[in-house]
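What follows is a short report on a single structure.
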Amino acid sequence: MCGISGWLAFDHDLTKEQATVDAMTGTMAYRGPDAGGTWVDRHVALGHRRLAVIDIEGGRQPMRVDTPNGPVVITYSGEVYNFTELREELRRHGHRFRTASDTEVVLRGYLEWGEALADRLNGMYAFAVWDSRHEKLVMIRDRMGIKPFYFHPTTDGVLFGSEPKAILAHPMFKRVIEADGLFELLSVCKTPGHAIWSEMREVRPGSLVVVDRAGVRERTYWKLATQEHTDDRDTTVAKIRDLLEDIVRRQLVADVPQCVLLSGGLDSSSITALSARELAAHGEKVRSFSVDFADLADNFRPDSMRATPDSPYVHDVADHVGSLHQDIVLPYTALTDLDARRQVLAAKDFPSGLADVDVSLYMLFKAIREHSTVALSGETADELFGGYPWFRDPVAQRVGIFPWMVPVLSEWSKANAMGVLNPDLIAMSDLATYVKDRYSEAVADVEPLPGEDEQERRMRVMSHMHLTRFLQVLLDRKDRISMAVGLEVRVPYCDHRLVEYVYNTPWSMKSFDGREKSLLRAAAGDLLPQSVVDRLKSPYPSTQDARYAGGLQQMGRQLLSEPDHPIFQLVTRASIEETVKLDPAKMPDPLREQLDRMIDIATWLDMYQPDIRVS
């Protein structure tokens, strides 16, 4: 797992631009704390920061193969889980390997198959190959978009990086945010291909981008396609179990210490149990980690999202599978640490407004990194198997908008009515229209199955938009925050074979027992304690400590002492003034979240100083 950057410029001599290339690559240092390097030729420069996971000594990058017609060079981030089989196939084609790394397999795979290499890869990856034989740069991103990949087309080539900060470090790039970027920033809506910065784009999941003297061309090599599901329920459950066992086995390959993230829910508990079985066959025990908040067990209050605290279920699983478990318990002061908030914002390049969740995740990963370099996560099971409550809400199924956006737009409307937003901003923007347009695009991407009834069609749309839109927010968050501390997080439920199979399973089968994630419970329930099998879904934990709200109020007062702060281009002073006057112990959750979001955006504005143009 690593960070990549690069610059292609057919009209410039990049051998004179080493300082700029180093600056771009340097922004990725925390993604690759173990090594760094650049490869610079006349018109192309590739940068790399390495987190060594496989072949510690041999996998250094950028990696180069010389051919009779010129070098082919790669800068690569990620893991390819079928690299062993691909290496054997390439050997049969006559290739000779100097290292045991998956990087060299990908590079030589490109030499053998060209751009068609993308169809053969199983994993999470973002990489760029400079092919001097044809004077072209090929950028490829994994099918599900697990690894981030951004680029900026220029007049004579392209800038690219694992994260926007690599491009922002180039003096050529202007930090402008226009209306669409502002909408992306204010919503929980990550549109494929978009970045919040004007003239910056993402390599879309399952796509490749080719840049040569003729310009920039994009091509999709994989998408979530509709197919008829012909297996009965028992066969389907068995197939899912077989896939999960194979996926976990592949993703436990590493030359460094590894662990699992355990929340006590069905998703992470299943991965933990499968990992424990796989490692036990080799005489090893699985390590597991969870996050908790000081005093939460004594002060826990059930709400509409969280009926129970995680800790009892975490310990049930740890005892059941015999994991070497450790709780990471955070005091409220960790969540109000402004330096930690800045570290998270620097990692994400983006203010999500979920700082208590993001900062706690950062602290969790930072603690885990003292013991492990690789962690397996339960991310994606909710999107894949239908875990969210709105999957079973007939109103949400018909609302005509992303169901997770309903509360966001409701809060936006209330903010308008309460005078939270700057009146000039309201006049120039219409978030609801933007989100509805993005929803229409998402629905248009879905291929219907001939003969599918209305309910199945509606649920196919729900599944598709979660896997292609909502999931992008979560994957980006997990990758950025984990890599901020040099921890590689793998996501077994994102294996494209499993995604393709479960996506095409009828909703009636996915919900056969009348509960969420019926198929996953049937496929892995025998490995788990009954308490977890019976547990209702609970999202990532959030603090309920009133002192956190008090810490936010103190940050809000600091903002009010800066009358010219750019946050007041977006929100009114009065909205913050009213919130900081409240009793923190009685502050409603929506107002606490609103204040948290304002502070997040204000801190980000200080750090990134964008030129916001929405007129």
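A cation-pi arrangement is not found for R460 relative to W507, the charged atom failing to lie both closer than 6.0 Å to the ring centre and inside a 45° cone about the ring normal. A cation-pi arrangement, defined by a distance under 6.0 Å to the six-membered ring centre and an angle within 45 degrees of its axis, is present between R233 and F512. A cation-pi arrangement is not found for R497 relative to Y501, the charged atom failing to lie both closer than 6.0 Å to the ring centre and inside a 45° cone about the ring normal.
When the shell of 6.0 Å around CZ of R277 is examined, it contains 12 or fewer heavy atoms from other residues, nucleotides or ligands.
Taking all atoms of both residues into account, the shortest heavy-atom contact from M363 to A334 is CE-O, 3.7 Å. Contact detail for A276 and V286: the closest heavy-atom pair is CB-CG1, 3.7 Å.
Each of K537, R521, K510, R535 was evaluated against E516; a single residue qualifies, R521, per the salt bridge (charged side-chain N to carboxylate O under 4.0 Å, His left out) test.
Between the side chains of D513 and S518, at least one donor N or O lies within less than 3.5 Å of an accepting N or O. Between the side chains of S263 and S268, a donor-acceptor pair is found at a separation under 3.5 Å. Side-chain atoms of S323 and K285 include no donor-acceptor pair closer than 3.5 Å. Side-chain contact annotation: Y540 with S360, donor-acceptor N/O pair under 3.5 Å present. Defined by atom type and a distance below 3.5 Å, a donor-acceptor pair is present between the side-chain atoms of E184 and T191. Using modelled atom types and a 3.5 Å distance limit, the side chains of D327 and H325 yield a donor-acceptor pair. Residues D596 and Y548 have side chains that bring a donor and an acceptor to within less than 3.5 angstrom of each other. No donor-acceptor contact under 3.5 angstrom links the side chains of S269 and H320, judged on distance only. Counted by atom type alone, R250 and N122 present zero donor-acceptor pairs between their side chains at under 3.5 Å.
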*Between R141 and S207, is a side chain to side chain contact (heavy atoms under 4.5 Å, CB included) present by the stated rule, with each step listed?*
CA-CA 6 Å; R141 190 179 183 196; S207 295; over 6 Å; no

_I328 vs D292, side chain to side chain contact (heavy atoms under 4.5 Å, CB included): CA-CA, chis, key distance, verdict_ = CA-CA 6 Å; I328 307 300; D292 201 359; over 6 Å; no

*side chain to side chain contact (heavy atoms under 4.5 Å, CB included) between R477 and V473: does it pass, once the steps are laid out?*
CA-CA 6 Å; R477 167 178 173 259; V473 177; 5.6 Å; no

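For the pair W222/L208, no side-chain contact is recorded, criterion being any heavy-atom separation below 4.5 Å from C-beta on. Side chains of L384 and L467 form a contact here, defined as non-hydrogen atoms less than 4.5 Å apart.
Screening residues 363-384 for ring pair (Phe, Tyr, Trp, His ring centres under 6.0 Å), with sequence neighbours left out, gives F289-H371.
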Could you pull out every donor-acceptor pair under 3.5 Å between side chains of residues 393-401 and any protein atom, sequence neighbours left out?
residue	atom	partner	partner atom	Å
D393	OD1	V395	N	2.9
Q397	NE2	F391	O	2.9
R398	NH1	P394	O	3.3

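Contact check on E593 versus R597 returns no salt bridge, with no Lys/Arg side-chain nitrogen under 4.0 Å from an Asp/Glu carboxylate oxygen.
Under the ring-ring contact (aromatic ring centres under 6.0 Å, His included) criterion, Y388 pairs with W390, H466, F470, sequence neighbours left out.
Side-chain N or O atoms of D102 include one that pairs as donor or acceptor with a backbone N or O of V80 at under 3.5 Å.
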